[in-house]
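First the proteins, then the strands, lettered A, B, ... as listed; each starts at 1. Quantities reported herein were computed from a predicted structural model and do not represent experimental measurements.
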Protein chains: 2
Amino acid sequence: MSAGQHAYEWPRPAVTVDCVVFGFGAAGLSVLLIQRGEAPFEGSWALPGGFVREDEGLDEAARRELGEETGLTLSFLEQLYSFGAPQRDPRGRVITVAFYALVQELAQPPLLATGDAAEAQWFQETELPSLAFDHAEIVSVARTRLKGKVRWQPIGFDLLPEHFTLSELQRLYEVVLERELDKRNFRRKVLSLEILEETDELQRGTGRPARLYRFDKAAYARAEAEGFVFEL
Amino acid sequence: MSAGQHAYEWPRPAVTVDCVVFGFGAAGLSVLLIQRGEAPFEGSWALPGGFVREDEGLDEAARRELGEETGLTLSFLEQLYSFGAPQRDPRGRVITVAFYALVQELAQPPLLATGDAAEAQWFQETELPSLAFDHAEIVSVARTRLKGKVRWQPIGFDLLPEHFTLSELQRLYEVVLERELDKRNFRRKVLSLEILEETDELQRGTGRPARLYRFDKAAYARAEAEGFVFEL
DNA sequence: TCAAAAGTGTTTCGGGTACACCCATGT
DNA sequence: ACATGGGTGTACCCGAAACACTTTTGA
């Protein structure tokens, strides 16, 4: 059962939420970190997060803390795993429910709010500093989950701007999956899913302009309801 | 971060672990439930579980509670998801970290130990009673996870006895995946993985005797290390 | 000899993969 | 004109799926 009769006689660990926020840009995949303003690990980089309040659900707490510390708008948030090794926090028993989240524009400069966060900053996944607590492990679990999930659910679009080129989408998948993909096969496969809508806009840069596409959420929802599985 | 400087000023929810234990037998897939001996939900069926102690990890707590309440030997245990809706427990804020587990022999009669459990009993998944708290939802999440995971990891063997026939294995997959499988294709596929060892034993019953096989854990570990993916 | 479950091959089809050249633009 | 990235079609191969009869035992 969930609780005995004398619930209040039991030792009560503190419960926090921590969040691994991924962003994607020219430099590849990035993770948002905040610099701790207080002991322990003062000055160290850590995941944004904080205590769960008495009257809020876990997802709710994750969103609130993230909003307070960074002001970011999330396009995806999912519970990841709970970490509760007895000594993971030097101050005492702290169990954390970890989440991972995706943002569409890594551009938006993160704001600061609570006293806990001295600064917030994006780090490329290949250049992460050493992290407080067991946060390095949490990031690693999140990265693995993202890699596993991106092939079965259309969450890759939550890392791209509203309009994107097929080349951008392909590069995203190459970075997340850590392998190269064939251009022609990738495009054929993606378009055959019929969940992208072609816009009439072009993106200009060096070389031939590229067509911009949009993820058609409604078409995806319809297809999914009919038993369609994403898979890429 | 995981905790602020004034950790002990924060409200502290109680933290429990709850466990969905699956067994497989002639009647199909079953779940182990215990009957609550105390309020709230006294007399109701619920998942085995209990409070996390100050000095133990989450997995450890799940194993301990399960051992205390049922005496079962688990062949597989994995963290499932954490449930923390503010009102999920009428006594106050209780966050539970749910696990799911598999046992090889559904035969072993579960023992009882703690005062919380008045009785323990296997229920077929198709005939579950209504459950205390949000445990019905937890079971549902566990069932979905099992269905999803059994195709990519060789956890099906954790639901079968040490030695089993290919027909038993097939029926297990049919039950878990909720669809029929072709006998010849299934056998070919399973044997082609080269992770089963043929024993020299036969299982007699009505009809032609069936060859018994064993899951070759070492062969699987070797293959996995070389990048082999299970998939069935 | 009958009932019941075990065991066994071949063909077809679709999707995955490999692969090279032309196109549209900016400089 | 050249450099840069965008865009396109075909052939092959392998694994998935469909499908029916023989074998071995107990009753």
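- Between the side chain of Gln35(A) and the backbone N or O of Trp45(A) there is no donor-acceptor pair closer than 3.5 Å.
- Rounded to a whole Å, the CD atom of Gln203(A) is 14 Å from the C1' atom of dT4(D).
- On a pure distance criterion of 3.5 Å, a polar donor-acceptor pair joins the side chain of Arg208(B) and the base of dT23(D).
- Atom CD of Glu178(B) has more than 12 neighbouring heavy atoms from other residues, nucleotides or ligands inside a 6.0 Å radius.
- Remark: the Asn185(A) side chain and the dA18(C) base include a donor-acceptor N/O pair separated by less than 3.5 Å.
- A salt bridge does not link Arg222(B) to Glu226(B): none of the charged side-chain nitrogens sits closer than 4.0 Å to a carboxylate oxygen.
- Each of Leu202(B) and Asp182(A) lies near DNA chain D, and the nucleotide nearest Asp182(A) is the one positioned closer to the 5' end.
- A donor-acceptor contact under 3.5 angstrom links the side-chain atoms of Lys183(A) to the base of dG7(D).
- Of the candidate nucleotides dT25(D), dG16(C), dA4(C), dA4(C) has the atom nearest to the side chain of Thr206(B).
- For the pair Ser167(A) and dG6(D), the criterion of a side-chain N or O lying under 4.0 Å from OP1 or OP2 is met.
- In the interface, the side chain of Arg184(B) is paired with the base of dA20(D) through a donor and an acceptor atom under 3.5 Å apart.
- Listed by first residue number, the stems of DNA chain C with at least three Watson-Crick or G-U pairs below 3.5 Å are C:1-27 with D:1-27.
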